Amino acid sequence: MSEVRGAEDGADPAAGQAGSGIGPGTDIGKETSRNTGQEKSKDSGEGPPPPGRSEGKRLHPVTPWRRAWAPVAGLVAFSVHDFERTREWFTHLTPGWLAAAFAVLLPVAAAYGFFSWWFTSYLVTDTDLRIRTGLVFRRTAHIRLDRVQAIDVGRPLLARVAGVAKLKLDVVGTEAKDELAFLGEREAVALRAELLARAAGIAPDAAPEAGEAPARELLRVGTRTLVTGLLLMGTGWGALLMMLVVPTLVYFASDSALGAVAALVPALGGVWASTGGRFLKEYDWTVAESPDGLRLDHGLLDREHATVPPGRVQSVRITEPLLWRSRGWVRVELEIAGAGKDKGGVLIPVAPRGEAAAVLARVLPGVDLAAAAGTTAPVPRRARWCVPLLWRGYGHGATDSVFVTRSGLVSRRVTLVPHAKVQSVRFVQGPWERRMRLADVAVDHGANGWTAARLRDADEARALVHAQAERSRTGRREARPERWMTGGAAQTPQAQTQTPHAHDPQAQTPHAHDPHAHAPQAGAPLDGEPGAPASATDEGRSAEG
Amino acid sequence: MTTGTGMSDAGNDPGSAAHGAAHGAVTGAASGPGTAGPSEPGPAAEPERWSGVERALLRMRRVVLLSTLLPLAAVTAGVLWPTAGPVWAAFALLPCAFAAWGWGALERNWRSWRYSERADDLLITRGVLWRELTVVPYGRMQLVEVTSGPLERRYGLARVQLHTAAATTDAEIPGLVPDEAERLRDRLTELGGARSAGL
C-alpha cells in the first residue's frame with residue numbers, strides 16, 4: 001500500500017502538467033491554471049506547505065476496476081435470460097472475431113477506466129475539499145469544510161477484500177452525498193480525521209498531525225444480545241406470519257401457484273429485512289466516543305463507520321418492544337439535522353437500559369433517561385373516547401432540558417426533544433377532541449420531524465404551549481456549541497454542561513452572544529414595557545455567566 | 001371549550017375583530033385559543049395583542065366561492081332540466097346550499113385567523129373545527145416571505161410566510177395589507193437576526 005502511495009505522490013507533478021496541457025482544449029479554465037500555479041509554487045519550494053497535502057491527490061489505483069463487474073454482470077444476465085440466442089452467437093463466434101473484439105474492447109475499457117481515474121483528484125485546502133472529476137466535462141466540487149456534517153468511511157465487501165474504502169461526506173444543504181471512492185484504507189481514515197479536525201476548527205497546520213481523534217469505547221453489542229433481541233422482536237415474527245399466511249390465501253383464492261410465489265417474494269424480502277438483513281447490518285455494533293462525536297461501527301459484510309455529532313441531534317427515540325421489557329432492553333434511534341432518512345437512524349440497536357442511558361448522557365448531557373421517562377404523566381381518562389385502546393400508551397412530560405412524549409402499548413416509544421432544538425410549538429385540536437376538551441401539543445424540530453404530546457387536557461395543553469415556547473427560548477440560550485473541539489476538549493458530561501457558563505467566546509458566539517447583545521435594543525423600542533422583563537432576565541443571565 | 005362555544009365565540013368577538021381588523025387590536029383576547037394560560041411562567045403579565053386579518057380576504061374568498069358554485073349550479077340546472085326533468089334539476093340546489101353554508105363558514109374561518117407579536121415569538125391561530133395555534137420563536141426563523149398572487153393583488157392583499165428549519169412548521173398569515181405585510185416582514189427579520197440561534 002505505502003509503495004503504491006509513494007508512486008502516486010511521485011507521479012503527481014507530472015499529472016498536473018498533463019492536466020494543464022489538456023486544459024486549453026477542454027474547458028478547465030481557471031481551475032487548472034490555479035492548480036498548476038500551486039504546484040509550481042510548491043515545486044519552487046517557497047513557503048512550507050504540509051508535504052503531500054497542497055496538491056491534488058489521486059484515488060486508489062483499484063478505482064478503475066470498480067465498475068468492471070457491471071458489463072460482465074450484464075452479459076451474464078443476458079445469457080441467462082435468452083440462453084438460446086447466446087448459444088447461437090457463441091457458435092458463430094470464431095476465435096478470430098473473439099480476438100478482434102477483445103483487441104478493441106479491452107483497450108477502450110481500460111483506457112476509459114484509466115483516464116477517469118487519472119482525471120479524478122482531490123485536494124484539501126484550508127477552507128474546503130476540492131474534488132475534480134470528469135474526462136470531457138470537467139467538474140470541480142468545492143465542499144466547504146465548515147459545512148461538513150459528518151464523514152463516514154464505508155467498506156463494502158469487495159472493497160474490503162481489495163483493502164480500500166470510500167469516504168462519504170454529509171454536507172448541509174445538499175441532498176446528494178459527495179463521495180471519494182476509493183481510497184486506501186489507511187489513507188481514508190487519515191483523510192477523514194484530517195477533514196473532521198479542520199471542520200472542527202483545529203488550526204490547519206496542526207490538522208494533518210492531529211490524526212485520528214482518540215476514541216473511547218462506550219458500548220459494544222454482543223452477538224448473543226443482538227440475536228436474542230432480534231428474535232424477541234415482534235416485527236420479524238409478524239413478517240414470517242405474513243409470509244406464511246398471505247401466499248396461502250392467495251393460493252386458495254386464485255388456485256395458481258404462480259400467484260402464491262409472486263406473493264411470497266415481497267414477504268420474503270420483509271422477513272429478510274427484519275431478521276437477516278438487520279443482523280448483517282447491526283452485527284458487532286460499537287459506540288465509541290471521540291472529540292468529533294460518537295463513532296458508530298457496525299456491519300458484518302459491509303463494515304460501516306459513522307460519526308454522530310451530538311450537537312446535531314434533534315430528537316431521540318427510545319423503543320421498547322413488548323418482549324424486551326422483561327429484560328430491560330431498549331433500542332435507541334436518533335434524528336439528526338441535515339441527515340437523510342437513511343442516516344442518523346439507529347444509535348443503539350439493542351442494549352440494557354442502563355448502558356443505553358449512559359450513552360445517551362453523552363448525546364444529551366444532563367438528561368437522565370429514567371428521570372425523563374418518569375416525568376411522563378398519563379392522559380385524562382376521557383381520552384379513551386378519542387383513541388379507544390391506545391390512549392393508555394400516551395403520555396407527556398418535560399424536564400429542564402427535554403420535551404418528553406410517550407406512546408405505544410405493545411412497543412413503547414419514548415421520544416425526547418431537547419428544548420434547545422424546538423423550532424416551533426403548535427396547539428392542535430380537532431372537533432372531536434374539542435368536544436372531549438382535549439388537545440395535542442406538537443413540537444417541530446430541525447430534522448424535519450415533529451413529535452406530539454397527544455390528548456392532553458385542553459387547558460393544560462394551552463398552558464403547555466406557552467410554557468414550552470418559554471422553555472425552548474431559554475433552552476436555546478444555554479445550548480451547547482455544535483463543535484465539540486472548540487467548545488471544550490474535556491468530554492466529561494459535567495464539563496459539557498458547564499460549557500455554556502464558561503462562555504468560551506469563540507464557541508458561544510452564534511448562540512449566546514448575539515441574543516444578549518441585541519435583544520435589549522431590539523426588544524425595548526418595539527415592545528415598550530412588555531419586552532423589558534424578559535430582556536432584563538437575559539441580561540442577568542449573561543452577567544451571571 | 002366545546003363545539004358550541006366555538007360557534008358562539010365566533011358570534012360575539014367578531015365585533016371587535018371585524019371592525020378593528022386593519023390593525024385592530026383585539027385587546028384583552030378573553031376568548032379564543034390564544035389566551036394566555038394561567039400557569040404561564042415568567043412574562044405572563046405581557047399582554048397579548050391579537051390582530052385579525054383584512055376583511056378583504058373574506059370578500060375575496062366569498063367571491064371565489066360564489067363564482068365557482070353559482071355557475072356550477074346554473075350549468076347543472078341548465079343541463080338537467082331539459083334532459084332529465086325538473087326533479088333531477090333539483091340537484092342544482094346542492095351547490096347553492098353549499099355556497100350558503102360556505103358563506104358563513106368562510107366568515108368563521110376568516111375570523112379565526114389572528115396573530116400576535118410577542119417579545120420573543122410570533123403566535124398564529126387559525127381554524128374553527130380544527131384549531132391550531134402555532135408559536136414560532138423569532139430566533140428560529142430562517143426565511144420570511146411576502147407573496148401576493150394576482151387575485152390577492154386585485155384585493156390589495158399580501159401574505160407573510162415564515163420558514164424555520166422544520167418543514168412542518170407551516171406558519172403563514174394570509175390577508176394582510178401589503179404595508180402591514182412588509183412591516184411584519186421587516187420586523188420579523190430584524191428580530192430574527194437579533195435573536196438568531198443555531199439549529
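Bear in mind the structure is a predicted one, so any value in this text is a computation, not a measurement. Lettering follows sequence order; numbering is per chain, from 1.
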Ignoring hydrogens, what is the shortest heavy-atom contact between A/Q423 and B/T164? Give both atom names and the distance.
OE1-CB, 3.6 Å
Is it true that, when you exclude A/W450 itself, more than 12 heavy atoms of the residues, nucleotides or ligands shown sit nearer than 6.0 Å to its CH2?
no
If you round to the nearest 0.5 Å, how far is CZ of A/F427 from OG1 of B/T125?
8.5 Å
Residue A/D400 excluded, over 12 heavy atoms near CG under 6.0 Å:
no
More than 12 heavy atoms of other residues, nucleotides or ligands under 6.0 Å from CZ of B/R154: is that the case?
no
Taking every non-hydrogen atom, the tightest pair across B/P137 and A/S424:
CD-CA, 4.2 Å
Just to verify, which of A/V425, A/V465, A/V428 counts as forming a side chain to side chain contact (heavy atoms under 4.5 Å, CB included) with B/L133?
A/V465
B/W130 to A/P431 - nearest heavy-atom pair and separation
CE2-CD, 3.3 Å
Would you please test B/E132 and A/R426 for side-chain contact (heavy atoms from CB on, under 4.5 Å) and show each step?
CA-CA 7 Å; B/E132 192 162 336; A/R426 287 176 294 142; 3.2 Å; yes
List the atom of A/H466, the atom of B/L123, and the distance in Å for their closest heavy-atom pair.
CE1-CD2, 3.8 Å
I'd like to know whether CZ of B/F98 has more than 12 heavy-atom contacts from other residues, nucleotides or ligands below 6.0 angstrom.
no
